[in-house]
Amino acid sequence: MRFAILSRSDNKSEVIKSRVKQYLTDFSLEYDEEKPELVISVGGDGTFLEAFHTYKHRLKDTAFIGVHTGHLGFYADWVPEEVEKLIIEIAKKPFEVVEYPLLDIKIHPVDSEQYQQFVALNEVSVKSIDSTVAMDVHIKGAHFERFRGDGLCVSTPSGSTAYNKALGGAILHPSLNALQITEMASINNRVYRTIGSPLILPKHHVCELLPLYHDRSMLITVDHNTEEYANIDRIECRVSDEKIRFARFRAFPFWKRVHDSFISDERS
């Protein structure tokens, strides 16, 4: 089996990366950064996102697994003390594949048939640089609302535990092929009105965000990458036809991940 390792580059993560690489090659696995069948992320969730975007062109052929070396990572199953056990599991056992939905994003400019396309593991967020965001929200091609506020976040089920949760969105189980739209400080008064609640859309429902003022620049963040855009006609979001493949060598239920990440074991 071919494998690659991405590290957060701090000393602790680099030491673990070196150990894993050496031991797996000793077990006759091939280190291949071009066409890996397994990508091992050593660091935190940011490192995992980097690994995902590095190999997003190989989603059908590559599975991912994480070792967290800092705070508990939501995408990381293993801790440094378990590295030797993980190495044996990788070398000796076939892994189970668990698939999670992704988000497909198309940014359409004004007066052009060309568009930029992205895939997100967590979310896309849209904000204005120096003013209130004003956008029409369309669902399945029909106008739903006119949003005014700080911005909007569209997340995947696995990304629902990230920025979406901080905005007050719901946590979705990643077995659901859905996306979630969550508001950032919407303006609601006698003149302006939005739904004021997160929206959960199934796979066959497409969400479009249409800026009212094309001359205003916007900040669009796809996972951990932020770019400035102007003259946007619409931002199209849908559940992607592709999925991320996680390599599982042991059970780690989603709700246990949520509990371990956000809830203390202390009982009052």
Side-chain angles (χ1 to χ4, degrees), residues 49 53 101-172 176-241:
L49 287 172
H53 283 278
L102 300 170
L103 184 65
D104 181 81
I105 305 131
K106 294 185 178 76
I107 302 176
H108 297 263
V110 175
D111 299 327
S112 175
E113 296 297 322
Q114 302 296 320
Y115 58 82
Q116 290 184 265
Q117 187 168 10
F118 303 90
V119 62
L121 175 57
N122 274 358
E123 75 278 306
V124 58
S125 64
V126 183
K127 303 177 182 178
S128 177
I129 293 178
D130 54 8
S131 61
T132 298
V133 170
M135 291 185 293
D136 282 329
V137 178
H138 289 196
I139 298 176
K140 289 190 69 179
H143 183 270
F144 178 75
E145 69 177 12
R146 177 159 290 184
F147 174 86
R148 285 179 173 84
D150 286 355
L152 289 169
C153 173
V154 183
S155 64
T156 65
S158 54
S160 69
T161 60
Y163 190 26
N164 167 79
K165 181 180 181 298
L167 295 171
I171 294 179
L172 302 186
L176 301 173
N177 279 316
L179 60 81
Q180 183 170 182
I181 308 169
T182 308
E183 299 178 355
M184 305 176 200
S186 60
I187 298 172
N188 283 288
N189 53 36
R190 290 185 297 174
V191 179
Y192 305 127
R193 179 63 55 187
T194 67
I195 192 67
S197 299
L199 299 173
I200 298 170
L201 308 185
K203 181 174 182 177
H204 61 286
H205 287 192
V206 178
C207 161
E208 292 178 298
L209 311 178
L210 291 78
L212 298 186
Y213 308 108
H214 295 150
D215 58 336
R216 294 183 183 176
S217 294
M218 310 194 78
L219 293 177
I220 300 179
T221 302
V222 178
D223 286 339
H224 58 315
N225 297 315
T226 301
E227 297 288 342
E228 180 179 338
Y229 293 85
N231 298 313
I232 298 174
D233 179 63
R234 69 189 187 280
I235 303 162
E236 179 184 324
C237 303
R238 68 177 73 211
V239 178
S240 175
D241 291 331

### Message
Please determine whether side-chain contact (heavy atoms from CB on, under 4.5 Å) holds for the pair Ile200 and Gln180, giving the CA-CA distance in whole Å, both sets of side-chain angles, and the decisive distance to 0.1 Å.
### Response
CA-CA 4 Å; Ile200 298 170; Gln180 183 170 182; 4.2 Å; yes
### Task
With side-chain contact (heavy atoms from CB on, under 4.5 Å) as the test, would you mind laying out the steps for Leu199 and Ile139 before giving the verdict?
CA-CA 10 Å; Leu199 299 173; Ile139 298 176; 4.0 Å; yes
### Task
Mind running side-chain contact (heavy atoms from CB on, under 4.5 Å) on Ile181 and Leu201 for me, showing each step along the way?
CA-CA 8 Å; Ile181 308 169; Leu201 308 185; 3.9 Å; yes
### Query
Met135 and Met218: side-chain contact (heavy atoms from CB on, under 4.5 Å), yes or no, with the steps?
CA-CA 11 Å; Met135 291 185 293; Met218 310 194 78; 4.1 Å; yes
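For the atom pair OG of Ser217 and CG of Asp130, the computed distance is 8.0 Å after rounding to the nearest 0.5 Å. Taking CG from Leu219 and CD1 from Ile129, the interatomic distance works out to 4.5 Å, rounded to the nearest 0.5 Å. Note: Cys207 SG to Glu236 CD = 9.5 Å, rounded to the nearest 0.5 Å. Residue Asp233 holds its CG atom at 12.0 Å from CD1 of Ile107, rounded to the nearest 0.5 Å.
Closest of all the heavy-atom pairs between Glu123 and Gly159 is OE1-O, 4.3 Å. Closest non-hydrogen pair, Val124 versus Cys237, comes out as CG1-SG, 4.0 Å. In terms of heavy-atom proximity, Ala178 sits nearest to Pro157 at O-CD, 3.2 Å. Nearest heavy-atom pair across Asn122 and Ala162 is ND2-CB, 3.8 Å. Nearest heavy-atom pair, Ser128 versus Val133, reported as atom, atom and distance to 0.1 Å: N-CG2, 3.1 Å.
Asp104 places no side-chain N or O within 3.5 Å of a backbone atom of Arg238 that could act as its donor or acceptor partner. Judged by distance alone, with hydrogens and angles left aside, the side-chain atoms of Asp223 form a donor-acceptor pair with the main-chain N or O of Leu121 at under 3.5 Å.
Using a 30° and 60° split on the angle between ring planes, His108 and Tyr115 fall in the tilted class, from 30° to 60°. Ring geometry for His143 versus His138: interplanar angle over 60°, hence perpendicular rather than tilted (30 to 60°).
The list of side-chain hydrogen bond (donor to acceptor under 3.5 Å, both in side chains) pairs with a residue in residues 201-214, not counting sequence neighbours, reads Glu208-Arg234. Listed by first and then second residue, the side-chain hydrogen bond (donor to acceptor under 3.5 Å, both in side chains) pairs that reach into residues 154-170 are Tyr75-Ser158, Lys127-Tyr163, Thr156-Ser158, Asn164-Thr182, sequence neighbours excluded. Within the structure, salt bridge (Lys or Arg N to Asp or Glu O under 4.0 Å) contacts touching residues 140-157 (residues at least two apart or in different chains) are Asp136-Arg146.
Residues Ser131 and Arg216 meet the side-chain proximity criterion, which asks for heavy atoms closer than 4.5 Å. Under the 4.5 Å side-chain criterion, counting only non-hydrogen atoms from C-beta, Asn231 is not in contact with Pro109. Ile220 is listed as a side-chain neighbour of Ile232, based on a closest heavy-atom distance under 4.5 Å.
Residue Tyr192 places its OH atom among 12 or fewer non-hydrogen atoms of other residues, nucleotides or ligands, all under 6.0 Å distant.
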